[in-house]
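Model, not experiment: these values are computed from the prediction.
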Amino acid sequence: MKHYAPFLVAVGAISYGIPGSLFKLAHANRVTDGLLLAITFSIAFLAFSIGRLLLNQQNRTVSSCKEKWLVIISGSSMGFTNTFYILSLAYVPVAIAAVMMMQSVWLSILISCLINRKLPTINQTISVVTILVGTILATGLLPLQQAVSFIGMGLSFLSALAYALTIQFTGNIGHDLHPLTKAQLMSIGALIVVLIIWVPTIFPVYQLPAAISWGGLTSFFLMILPLTCFSFFMPHLPLGVGPIISSLELPSSIVFAFFLLRERVTTAQIVGVVLIIAAVILTNVLPLKLRRKYQRMKE
């Protein structure tokens with residue numbers, strides 16, 4: 001299992017880079033955002049529900065009602081994340097939306113510092129500055145060569161904030177649950193949020209056949225494949241490696257947007273993306289090396 005874990009986690013991370021392009025293609029096919037998201041999370045819920053039914057009774061069981069609702073609430077953040085993300089795509093290219101989503105890295109650091117009432121470490125500060133510089137380059141803000149939609153960037157930033165809050169407040173929830181059980185509960189939370197937010201735009205459903213086709217694709221790449229890969233194989237990775245591999249989502253988004261949507265990619269964007277990924281590596285590798293060095297000194 002450990003030998004295949006890095007590859008399969010990478011598959012899950014790359015999978016996360018595909019839905020942005022699929023959202024735009026579906027929109028071009030006149031599928032409304034609300035109907036697409038509702039179908040996407042409905043299919044994910046059904047798929048994980050079927051998977052959960054195949055488990056034995058012990059793996060299907062949730063120890064307490066409190067834990068069940070905490071997992072459902074944690075899943076609701078995925079509804080907010082994807083709502084802000086799909087709205088941002090009406091204003092900015094997929095590449096810029098993906099770059100803004102990566103702000104969740106430094107937002108997680110900031111939220112953690114506020115919660116623990118601690119100043120960021122030098123390593124964290126360098127990582128945050130590197131991400132911000134990379135973002136400026138990757139979004140085309142410096143040099144400013146084209147009109148940039150600050151509405152679109154703001155919406156995708158809210159998506160990153162929702163994701164960062166998910167990381168901070170739900171990371172320790174549901175560890176004793178089977179991955180399929182946890183995924184099903186999280187998909188319930190996401191579906192509830194999507195239905196509440198988007199219900200006015202879901203009807204009429206004259207686009208239902210096209211929505212089911214596109215929703216099946218987005219559900220597979222947004223929910224089913226990545227959640228399965230991360231839930232089953234992320235625990236088998238060494239500490240700090242998972243977030244680094246997960247950063248493949250960013251170049252994946254840009255590559256798929258280039259091939260599927262013919263979005264233009266500049267040299268500055270490539271440099272910015274490299275800086276952001278370097279910051280992710282710095283954030284996760286350096287503390288791990290320092291920890292190991294400290295342990296060797298104690299021995």
Side-chain angles (χ1 to χ4, degrees), residues 11-54 72 74-94 97-98 101 152 155-156 158-159 162-163 166 179-231 249 252-253 255-257 259-261 263:
V11 168
I14 292 170
S15 173
Y16 266 138
I18 302 175
S21 295
L22 295 179
F23 285 154
K24 284 225 169 189
L25 290 171
H27 190 77
N29 202 30
R30 298 187 178 182
V31 177
T32 60
D33 294 341
L35 183 58
L36 179 61
L37 286 178
I39 295 294
T40 295
F41 286 105
S42 295
I43 291 175
F45 168 68
L46 289 174
F48 288 129
S49 296
I50 293 171
R52 186 180 180 186
L53 287 174
L54 299 176
I72 290 175
S74 73
S76 68
S77 62
M78 291 191 297
F80 288 110
T81 299
N82 286 280
T83 290
F84 289 127
Y85 188 75
I86 201 170
L87 286 172
S88 72
L89 294 178
Y91 300 94
V92 295
V94 171
M101 266 291 293
L155 288 168
S156 50
L158 288 175
S159 180
Y163 185 62
T166 302
L180 286 177
T181 298
K182 184 175 181 179
Q184 189 232 16
L185 294 175
M186 291 181 70
S187 64
I188 292 174
L191 180 58
I192 291 172
V193 167
V194 166
L195 291 177
I196 291 173
I197 293 174
W198 291 97
V199 69
T201 66
I202 292 175
F203 301 101
V205 291
Y206 59 89
Q207 307 148 319
L208 189 59
I212 292 174
S213 299
W214 286 108
L217 283 173
T218 56
S219 182
F220 179 76
F221 290 112
L222 178 66
M223 293 285 290
I224 298 171
L225 180 58
L227 280 183
T228 301
C229 289
F230 289 165
S231 298
E249 175 191 348
S252 169
S253 297
V255 168
F256 281 104
F259 284 106
L260 295 178
L261 304 174
E263 287 190 358

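Looking at every heavy atom in both residues, P179 comes nearest to S231 through CB-CB, 3.4 Å. Residues F48 and I224 share a closest heavy-atom pair of CZ-CA, 3.7 Å. Minimum interatomic distance between S21 and L260 (heavy atoms only, all atoms of both residues): CB-CD1, 3.9 Å. In terms of heavy atoms, I212 sits closest to I43 at O-CD1, 4.2 Å. Shortest non-hydrogen contact noted between A98 and S253 is CB-CB, 3.5 Å. A257 and V94 make their closest contact through CB-CB, 3.8 Å (heavy atoms, listed as atom of the first residue, atom of the second, distance).
At least one side-chain heavy atom of L191 sits less than 4.5 Å from a side-chain heavy atom of S42. Using a 4.5 Å cut-off on side-chain heavy atoms (C-beta onward), F23 and V31 make no contact. Q207 is listed as a side-chain neighbour of L35, based on a closest heavy-atom distance under 4.5 Å. Annotation: side chain of M223 is in contact with side chain of M78 (closest heavy-atom distance under 4.5 Å). Using a 4.5 Å heavy-atom cutoff, the side chains of W198 and T201 are in contact. Contact annotation: the side chain of L37 never approaches that of I202 to less than 4.5 Å [non-hydrogen atoms, C-beta and beyond].
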Point to revise | Derivation of the side-chain contact (heavy atoms from CB on, under 4.5 Å) call for I14 and F256 | key: CA-CA 10 Å; I14 292 170; F256 281 104; 4.0 Å; yes
**Study point:** Criterion side-chain contact (heavy atoms from CB on, under 4.5 Å) on L89 and H27, from CA distance to verdict
**Key:** CA-CA 10 Å; L89 294 178; H27 190 77; over 6 Å; no
Exercise for review: Go through I86 and L36 one step at a time and tell me if the side-chain contact (heavy atoms from CB on, under 4.5 Å) criterion holds.
Suggested key: CA-CA 10 Å; I86 201 170; L36 179 61; 4.2 Å; yes
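Under the 3.5 Å distance criterion, with hydrogens and angles disregarded, a donor-acceptor pair is assigned to the side chains of T218 and T40.
Without hydrogens or angle criteria, S88 side chain to Y85 main chain gives a donor-acceptor distance under 3.5 Å. A distance-only check finds no donor-acceptor pair linking the side chain of S15 to the backbone of V11 [under 3.5 Å]. A donor-acceptor contact shorter than 3.5 Å is absent between the side chain of S159 and the backbone of F84.
Separating the CE atom in M186 from the OG1 atom in T181 is a distance of 13.0 Å, to the nearest 0.5 Å. Atoms CZ and NZ, on R52 and K182 in that order, are 13.5 Å from each other to the nearest 0.5 Å. The line from CG of L227 to CG of L180 is 10.0 Å long, rounded to the nearest 0.5 Å. Taking OG from S187 and CZ from F41, the interatomic distance works out to 9.0 Å, rounded to the nearest 0.5 Å. The line from CD1 of I197 to CG of N82 is 10.5 Å long, rounded to the nearest 0.5 Å. We find the CE-OG distance between M101 and S156 to be 9.0 Å, quoted to the nearest 0.5 Å.
Judged as a ring-ring contact (aromatic ring centres under 6.0 Å, His included), the pairs with a partner in residues 208-231 (not counting sequence neighbours) are, in order, Y16-F230.
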